[in-house]
Amino acid sequence: MAPPSGHSLLLISMLGILALDCFTSGQKNSTLIFTKENTIRNCSCSADIRDCDYSLASLMCSCKTVLPFAVERTSYKGRLTIWFTDTSALGLLLNFTLVQDLKLSLCSTNTLPAEYLAICGLKRLRINTKAKHPSPEQSLLIHSGEDREPRDKPLLSHTGWQTCTYVSFLDLALFNRESSLKSFSIDDVASMANNFPYFSHFKTFPILSNKSYVVTFIY
Ligand SMILES: *[C@@H]1O[C@H](CO)[C@@H](O)[C@H](O)[C@H]1NC(C)=O
Ligand SMILES: *[C@@H]1O[C@H](CO)[C@@H](O)[C@H](O)[C@H]1NC(C)=O
Ligand SMILES: *[C@@H]1O[C@H](CO)[C@@H](O)[C@H](O)[C@H]1NC(C)=O
Ligand SMILES: *[C@@H]1O[C@H](CO)[C@@H](O)[C@H](O)[C@H]1NC(C)=O
């Protein structure tokens, strides 16, 4: 048999590098934040933890306590999972943040108010309401568009938030229902407040610039 040519050696080593790349990026930790009895724990986990298993998370992940008044508007690059029991903590952690891949698990039987959360740049959403009713996990792909969001810029101010292109509004009452997750998107919405005079929540959202957005309602 002829020895492998220079070309195939090159190919083999390139494949090797690719495989190594996949392997190391597959090991990237994901962020898990959970709230329990007025404490917020921010964890970095290398493995998937069964939803709402607080003790397993404390055991398997590297967690820090976050004081509620120290929570700032931020952005998350990788996967973010939040286990929550009420909307106040969830609003604090998630309202007006940039997250692309999000999983929300309701870990109580509480009925949530019909409040909205505004999220920038959301691409994939998964929700789990098993603690409340025995429905399987649901997922939704919102958009797979190119990254037009200011990825590394934390959305610390309302001015930063205005640079967001993909805006998702999540109706928290969806956690009360057993019906499937639904969404609709409106492209090129310029000056949203004028386009949705009937949507009362809109007036309270600080999205006021005249540039166009892609707005997705999830309910
Ligand atoms: C949680 O930790 C990550 C880093 O691991 C950080 O980027 C993020 O801002 C933290 N979130 C909160 C709410 O403290
Ligand atoms: C990844 O998670 C493990 C625990 O699952 C932790 O020990 C490690 O410090 C984390 N790595 C980073 C970079 O956060
Ligand atoms: C998110 O912020 C908006 C605007 O300030 C507010 O109306 C809404 O109630 C907040 N949502 C939650 C869940 O806190
Ligand atoms: C947005 O457009 C309106 C008219 O449609 C104009 O009066 C207003 O000054 C514009 N605002 C900005 C921030 O460009």
Side-chain angles (χ1 to χ4, degrees), residues 23-36 38-50 53-106 108 110-122 125 127 150-162 164 167-176 192-193 196 199-208 213 215-219:
F23 182 69
T24 44
S25 65
Q27 292 226 307
K28 221 184 260 167
N29 283 7
S30 65
T31 305
L32 164 68
I33 301 180
F34 63 83
T35 62
K36 200 187 170 206
N38 301 320
T39 36
I40 300 173
R41 299 276 285 164
N42 186 353
C43 309
S44 177
C45 309
S46 59
D48 270 342
I49 309 294
R50 189 177 54 217
D53 194 335
Y54 300 99
S55 39
L56 191 63
S58 303
L59 200 68
M60 303 279 290
C61 309
S62 146
C63 303
K64 283 177 294 209
T65 297
V66 181
L67 298 171
F69 57 79
V71 173
E72 288 183 330
R73 278 197 188 125
T74 181
S75 56
Y76 295 90
K77 284 201 199 83
R79 250 196 303 150
L80 173 68
T81 302
I82 298 184
W83 299 346
F84 68 101
T85 53
D86 62 89
T87 55
S88 60
L90 190 64
L92 191 66
L93 289 166
L94 208 51
N95 219 356
F96 298 101
T97 57
L98 190 156
V99 186
Q100 295 190 338
D101 191 344
L102 175 68
K103 178 172 177 182
L104 294 177
S105 300
L106 176 64
S108 74
N110 293 348
T111 296
L112 303 186
E115 267 190 287
Y116 279 80
L117 269 184
I119 300 169
C120 172
L122 191 62
L125 173 71
I127 70 156
R151 287 192 68 140
D152 299 318
K153 230 190 292 162
L155 305 174
L156 289 177
S157 60
H158 287 169
T159 331
W161 170 256
Q162 288 186 355
C164 186
V167 182
S168 293
F169 288 100
L170 187 71
D171 179 2
L172 293 177
L174 71 86
F175 286 94
N176 301 331
M192 291 202 296
F196 299 96
F199 185 49
S200 61
H201 294 281
F202 249 61
K203 301 214 163 58
T204 63
F205 284 98
I207 301 172
L208 301 165
Y213 300 93
V215 181
T216 303
F217 294 92
I218 304 166
Y219 58 102

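Each ligand, and each atom within it, is numbered from 1 in the order the structure gives. The structure presented is a predicted model; accordingly, all values stated were derived computationally and were not measured.
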Going by the atom numbers of ligand 1, which of them fall below 4.0 Å from some non-hydrogen atom of V66? 14 (O)
Could you tell me whether Y76 and ligand 1 have an N or O pair separated by under 3.5 Å?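 Between Y76 and ligand 1 (N or O atoms, distance only) the closest approach is under 3.5 Å.
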May I ask you to check if ligand 1 and N42 share an N or O to N or O distance below 3.5 Å?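 For ligand 1, there is an N or O atom that lies under 3.5 Å from one belonging to N42.
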State if L172 counts as touching ligand 3 under the rule of any non-hydrogen atom under 4.0 Å. yes
What protein heavy atom lies closest to atom 14 (O) of ligand 2? Include the residue and the distance to one decimal. S44 OG, 2.9 Å
Give the residue, atom name and distance (to 0.1 Å) of the protein heavy atom nearest atom 9 (O) of ligand 1.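 In this structure, atom 9 (O) of ligand 1 has T74 OG1, 3.6 Å as its nearest protein heavy atom.
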Might you check, step by step, whether the distance between atom 5 (O) of ligand 1 and some protein heavy atom is under 4.0 Å? no
Number the atoms of ligand 2 from 1 as they appear, then name those within less than 4.0 Å of a heavy atom of M60, with their elements.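 This gives 4 (C), 5 (O) as the contact atoms.
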Which ligand 2 atoms, with their elements, are less than 4.0 angstrom from a heavy-atom of N29? 1 (C), 2 (O), 3 (C), 8 (C), 10 (C), 11 (N), 12 (C), 14 (O)
If you compare all heavy atoms of [X] against all heavy atoms of [Y], which two are closest, and at what distance to 0.1 Å?
X	Y	answer
C61	I49	SG-CG1, 3.8 Å
T74	T97	O-CB, 3.3 Å
D48	R79	OD1-NH1, 3.2 Å
I40	P68	CD1-CA, 4.1 Å

Counting heavy atoms only, name the option from I119, L92, L112, N95 that's nearest to atom 1 (C) of ligand 3. N95
Proximity to ligand 3 by part of F96, non-hydrogen separation under 4.0 Å: side chain
If you measure every N or O of S62 against every N or O of ligand 2, does any of those distances drop under 3.5 Å? no
Would you sort out whether L170 and L122 count as a side-chain contact (heavy atoms from CB on, under 4.5 Å), showing the intermediate values? CA-CA 11 Å; L170 187 71; L122 191 62; 5.8 Å; no
Which atoms of ligand 3 sit under 4.0 Å from any heavy atom of L117?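 Once the distances to L117 are compared, the set is 13 (C).
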Geometric class of the F217/F169 ring pair [parallel <30°, tilted 30-60°, perpendicular >60°]: parallel
